[in-house]
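Residue numbers start at 1 and run along the sequence shown.
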Amino acid sequence: MRWLTLHVPTQVAATGETRDDALDELDARVERFTSRPHNDGVTTAEDILGGAPRLDHTRIGVEQVRESADAGRSLPEIAASFEQELSIPEVEQALDWADENRS
């Protein structure tokens, strides 16, 4: 039998031969997930959000994050406000990118 574990806020899953193995693997995966960035953390693709800038590996647009900040939400509030919860570094990346690329 194999164990499956899931970290609900991030939707990160892991498996292991024992419960402890699965939990250890989950801890490692969640740590990698919450401490990323990958490259500058922002990407575009024509088939996702109509090509608007978005955070890597998400469908969350940079502008959505900027609008939340402009509405007075704190970084933790912004991070938790999306269906796919973000890490604080991801929120900061989106805001930095938006500030650097404002027209």
Side-chain angles (χ1 to χ4, degrees):
M1 173 165 69
R2 289 188 60 80
W3 285 80
L4 171 68
T5 58
L6 175 68
H7 185 254
V8 175
T10 60
Q11 297 296 301
V12 172
T15 61
E17 293 296 322
T18 67
R19 179 179 180 273
D20 287 340
D21 289 345
L23 290 171
D24 288 345
E25 178 63 23
L26 183 65
D27 286 344
R29 287 183 181 201
V30 168
E31 176 62 29
R32 285 192 303 271
F33 179 87
T34 57
S35 65
R36 63 185 188 215
H38 303 289
N39 61 52
D40 72 354
V42 175
T43 190
T44 60
E46 287 302 316
D47 59 334
I48 301 174
L49 299 180
R54 64 182 171 82
L55 288 164
D56 278 347
H57 309 289
T58 75
R59 297 180 71 82
I60 300 170
V62 167
E63 194 55 35
Q64 291 172 277
V65 176
R66 168 54 50 209
E67 288 170 359
S68 290
D70 288 347
R73 288 184 163 167
S74 68
L75 295 180
E77 289 172 329
I78 296 168
S81 69
F82 294 98
E83 187 173 321
Q84 179 183 350
E85 189 169 337
L86 301 174
S87 66
I88 299 298
E90 287 174 311
V91 172
E92 291 170 333
Q93 286 176 316
L95 295 174
D96 289 346
W97 193 95
D99 289 344
E100 291 171 11
N101 292 281
R102 272 201 170 153
S103 44

OG of Ser87 to CG of Leu55, rounded to nearest 0.5 Å, is 8.5 Å
**Item:** same_hphob_cluster(Leu26, Trp3) at 4.5 Å side-chain heavy-atom cutoff
**Value:** no
Quiz item: Can you list the steps and then say if Glu25 with Thr15 is a side-chain contact (heavy atoms from CB on, under 4.5 Å)?
Solution: CA-CA 7 Å; Glu25 178 63 23; Thr15 61; over 6 Å; no
Residues Ala80 and Glu85: closest non-hydrogen pair is CA-CG, 3.8 Å
For Ala79 and Ile88, the nearest pair of non-hydrogen atoms, with its separation, is CB-CD1, 4.1 Å
CD of Glu90 to CD1 of Ile78, rounded to nearest 0.5 Å, is 12.5 Å
Minimal heavy-atom distance between Asp99 and Arg66, with the atoms involved, is OD1-NH2, 2.8 Å
To the nearest 0.5 Å, atom CD of Glu83 lies from atom CZ of Arg59 at 11.0 Å
By salt bridge (charged side-chain N to carboxylate O under 4.0 Å, His left out), Asp20 pairs with (sequence neighbours left out) none
Contacts of Arg19 meeting salt bridge (charged side-chain N to carboxylate O under 4.0 Å, His left out) (sequence neighbours excluded), chain-then-number -> none
Between Arg54 (side chain only) and Thr58 (backbone N and O only), is there a donor and an acceptor less than 3.5 Å apart?
yes
query = Among the clusters formed by ILVMFWY side chains lying less than 4.5 Å apart, do Ile48 and Val62 turn up in the same one?
reply = no
For Ala22 and Gly16, the nearest pair of non-hydrogen atoms, with its separation, is CB-N, 3.7 Å
Separation between CG (Leu75) and CG (Leu95), nearest 0.5 Å, reads 6.5 Å
dist Arg2:CZ -> Asp21:CG (nearest 0.5 Å) comes out at 8.5 Å
